[in-house]
Amino acid sequence: MLKVYNTLTGKKEKFETEEAGKVKMYVCGLTVQNYSHIGHIRSAINYDVVRRFLEYLGYQVDYISNFTDINEKIVKRAAEEDLTPAELADKYANAFLEDIREFNIKAADKYLRVSENIDQIIEMVKTLIDKGYAYEVNGNVYFSVESFEDYGKLSGRNLDEMQAGARIAVNEEKRNPLDFGLWKKVEPGDGWDSPWGEGWPGWHIECSAMSMKRLGATFDIHGGGVDLIFPHHENEIAQSEAYSGQKFVNYWLHNGTVNLSGEKMSKSQGNFFTSREVLKEFSARVIRYFLLSRHYRSPIDFAYEKLEEAQTSLERIENTRKQLAKVLSLDIDSAAENKEAEDFFEKIVKKQRAFVEALEDDFNTAEAIGVLHDLVGEINSYINQKDFSLNEKNFAILEETEEIFLELAEILGLEFELESAAAAGNDLVDPLVNLLIDLRDKARENKNWEEADLIRDRLQEIGIEVIDTSRGTEWEIKEAKDDN
RNA sequence: GGCGGCAUAGCCAAGUGGUAAGGCAGAGGACUGCAAAUCCUUUAUUCGACGGUUCAAAUCCGUCUGCCGCCUCCA
């Protein structure tokens with residue numbers, strides 16, 4: 001049974017959808033003003049796993065996200081890059097789409113853009129005014145927080161508390177300092193026509209208008225970073241529920257931040273790593289694995305040192321994947337002993353169950369990765385037995401094991417392609433290397449160690465690793481990224 | 001100031017009432033002509049401190065200490 005932690009109630013709750021078998025989820029995307037940083041990627045990877053796991057459980061998921069492509073920052077950045085705001089937004093939206101492809105994050109079913117949903121937003125603002133939840137002053141429209149009874153229910157605050165410690169700049173137009181803008185008046189030429197004059201939407205309204213347009217007045221999951229709980233998501237609830245008169249979202253999920261030396265990584269503070277610069281040092285898969293090695297609600301401290309550890313840890317899993325494939329390509333010996341294949345498979349199935357249970361408990365990827373290591377240990381122990389050999393029985397079981405293994409890894413978005421020696425090289429390289437390996441084997445047979453070692457060293461120099469195993473000599477081309 | 005969260009081995013990190021997952025590093029071993037790679041085994045009488053509840057607490061309650069987040073743009 002799937003349980004999810006809901007920020008709204010502060011508890012883990014049984015997950016039940018509005019519509020049987022379908023999950024409607026919306027994840028706050030980003031303002032497309034620059035390249036994404038690791039914090040954005042963590043969020044995207046996290047909800048990607050949520051989505052993959054829901055799909056694994058058999059749900060049909062409608063996964064929606066957004067690009068904020070209208071606001072002051074966009075205009076400012078566009079001027080800096082000598083682009084129009086639309087061009088700038090396009091550039092970074094495309095960069096983000098490239099990034100998520102790199103990280104093996106499934107694209108949303110739809111990315112909604114503010115600039116394409118202005119009509120919807122205006123209609124919503126108009127309705128909020130008509131219903132008495134919002135008011136217009138000098139071309140600006142504000143939402144009146146006092147008019148919405150439940151204001152503060154997500155972030156666990158009340159209006160009195162907040163006003164006491166308010167650090168909000170005084171704005172004479174607002175009836176209450178916590179009122180927030182639904183529509184903002186802007187310089188002629190920059191905005192869109194509206195009943196209140198030229199302007200553009202306030203930040204919060206876009207997510208409400210677009211998510212409800214696509215998913216309906218009430219939907220299942222709304223996700224984003226913890227730093228969006230207040231005011232962004234609080235305001236979304238207020239305006240959405242005021243507008244529709246219905247509950248906006250059933251489950252609010254919030255992921256922890258990525259920190260640098262204990263401090264939140266953020267664009268405004270300038271302490272961030274873009275995903276692009278990190279990708280120069282580590283593979284996307286290592287970064288993904290690292291980010292999933294901690295529970296999504298906890299903050300995670302980012303450091304290259306940690307990524308190195310993650311890389312080593314991930315390699316253990318990858319090695320098993322490779323070894324398993326090699327074992328499955330061995331010749332089957334019908335006379336071979338069975339080697340307790342059933343006991344082994346029972347353990348595998350148990351691990352599979354444990355893995356699913358970990359994710360069913362509020363998407364505990366850290367625990368799931370632990371289970372994956374357990375699984376790897378079982379496989380290694382089995383296939384590395386001294387007198388291991390393959391017969392029909394354990395071949396079938398190992399094939400099924402491989403399937404389970406790959407299926408579980410795929411829920412985490414970790415896919416292991418086999419870079420076998422044959423695939424790594426090309427038509428010319430493979431036979432040449434094989435020839436050298438043959439020569440070295442000859443030399444070894446003759447106990448001509450100098451020549452054997454010379455071949456090994458020279459191959460090493462050009463980036464080909466020679467691996468002697470009990471199954472014979474294997475080789476692979478080392479990735480350049482492993483060199484440092 | 002208000003609200004919320006966190007503190008588990010050298011490091012990273014699961015675990016929210018039943019007697020401490022997993023990874024990295026370290027140690028031992030297997031394999032090897034040697035080496036590399038790989039694999040196996042192993043590593044916390046104890047969970048920030050002090051009290052309390054309970055047959056039983058890392059888990060619940062209280063106090064304290066330290067760190068962080070939000071309250072302003074933020075994934």
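Heavy-atom basis, side chains included; hydrogens, waters and symmetry copies ignored. Treat the numbers as computed from the prediction; the structure is a model and nothing was measured. Residue numbering restarts at 1 for every chain, and letters A, B, ... go by the order of the sequence lines.
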[N] pairs with, by Watson-Crick or G-U criteria that keep both distances under 3.5 Å:
N     : result
B:C67 : B:G5
B:C31 : none
B:A21 : none

Please report, rounded to the nearest Å, how far the [atom2] atom of [N] is from the [atom1] atom of [X].
X        : N     : atom1 : atom2 : answer
A:Leu159 : B:C3  : CG    : P     : 15 Å
A:Tyr382 : B:C39 : OH    : P     : 19 Å
A:Gln323 : B:A30 : CD    : C1'   : 13 Å
A:Glu357 : B:G15 : CD    : C1'   : 14 Å
A:Tyr5   : B:G4  : OH    : P     : 11 Å
A:Glu234 : B:G4  : CD    : P     : 14 Å
A:Leu260 : B:C68 : CG    : P     : 14 Å
A:Asp468 : B:U32 : CG    : P     : 11 Å

Any donor-acceptor pair under 3.5 Å linking the side chain of [X] with the backbone of [Y]?
X        : Y        : answer
A:Arg440 : A:Ala452 : yes
A:Asn364 : A:Ala358 : no
A:Arg276 : A:Ala95  : yes

With heavy atoms under 4.0 Å as the rule, sort [X] into base, sugar-phosphate or nothing.
X        : value
A:Ser266 : base
A:Lys264 : base
A:Arg321 : nothing
A:Glu305 : nothing
A:Gly156 : sugar-phosphate
A:Gly10  : nothing
A:Asp227 : base

Enclosure of [X] [atom1] (heavy-atom neighbours >12, cutoff 6.0 Å):
X        : atom1 : value
A:Lys106 : NZ    : yes
A:Lys153 : NZ    : yes
A:Glu80  : CD    : yes

Heavy atom of residues 27-37 of chain A under 4.0 Å from RNA chain B: which residues?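 A:Cys28, A:Gly29, A:Leu30, A:His37, in order of number.
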Are A:Arg214 and A:Asp62 close enough for a salt bridge, meaning some N to O gap below 4.0 Å?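 Salt bridge between A:Arg214 and A:Asp62, a charged N being under 4.0 Å from a carboxylate O: yes.
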Indicate yes or no: does A:Asp90 engage A:Arg113 in a salt bridge with an N to O separation below 4.0 Å.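 Judged by the 4.0 Å cut-off on N to carboxylate O distance, A:Asp90 and A:Arg113 do form a salt bridge.
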Compare the minimum distances between each of [options] and the side chain of [X], then state the nucleotide with the smallest one.
X        : options             : answer
A:Asn319 : B:A75, B:A36, B:C39 : B:C39
A:Arg157 : B:C71, B:A14, B:G33 : B:C71
A:Glu465 : B:C12, B:A36, B:C34 : B:A36

Can you pull every protein N or O that's under 3.5 Å from an N or O on nucleotides 58-60 of chain B?
none

Without hydrogens or angle criteria, can the side chains of A:Asp227 and A:Thr257 be said to hold a donor-acceptor pair below 3.5 Å?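 On atom types as modelled, these side chains do not qualify, holding no pair under 3.5 Å.
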Check: [X] side chain, [N] base, donor-acceptor under 3.5 Å:
X        : N     : value
A:Asp453 : B:G33 : yes
A:Arg297 : B:C6  : no
A:Arg456 : B:A35 : yes

Taking the six-membered ring where the residue is Trp, are the ring centres of [X] and [Y] under 6.0 Å apart?
X        : Y        : answer
A:His254 : A:His233 : yes
A:Tyr251 : A:His222 : no
A:Tyr142 : A:Phe180 : no
A:Phe219 : A:Phe248 : yes

Measure up the A:Tyr382 and A:Phe388 rings against each other and bin them: parallel (under 30°), tilted (30 to 60°), perpendicular (over 60°).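 Plane angle over 60°, so perpendicular.
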If the condition is ring-ring contact (aromatic ring centres under 6.0 Å, His included), which residues does A:His37 pass it with, not counting sequence neighbours?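 Testing A:His37 for ring-ring contact (aromatic ring centres under 6.0 Å, His included), a comparison that skips the adjacent residues, returns A:His40, A:Phe272.
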Could you list the residues that satisfy ring-ring contact (aromatic ring centres under 6.0 Å, His included) with A:His373, not counting sequence neighbours?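 A:His373: no ring-ring contact (aromatic ring centres under 6.0 Å, His included) contacts found.
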State whether [X] places a side-chain N or O below 4.0 Å from either non-bridging phosphate oxygen (OP1 or OP2) of [N].
X        : N     : result
A:Lys322 : B:U38 : no
A:Arg294 : B:A13 : yes
A:Asn380 : B:C40 : yes
A:Asn364 : B:A14 : no

Write down the protein N/O and nucleotide N/O pairs, taken from nucleotides 23-26 of chain B, whose separation is under 3.5 Å; answer none if there are no such pairs.
{"unit_1": "B:G23", "atom_1": "OP1", "unit_2": "A:Arg316", "atom_2": "NH1", "d": "3.3"}
{"unit_1": "B:G23", "atom_1": "O2'", "unit_2": "A:Ser313", "atom_2": "OG", "d": "2.5"}
{"unit_1": "B:G23", "atom_1": "N2", "unit_2": "A:Glu309", "atom_2": "OE1", "d": "3.3"}

Which pairs, protein N/O on one side and nucleotides 17-19 of chain B N/O on the other, fall under 3.5 Å?
none

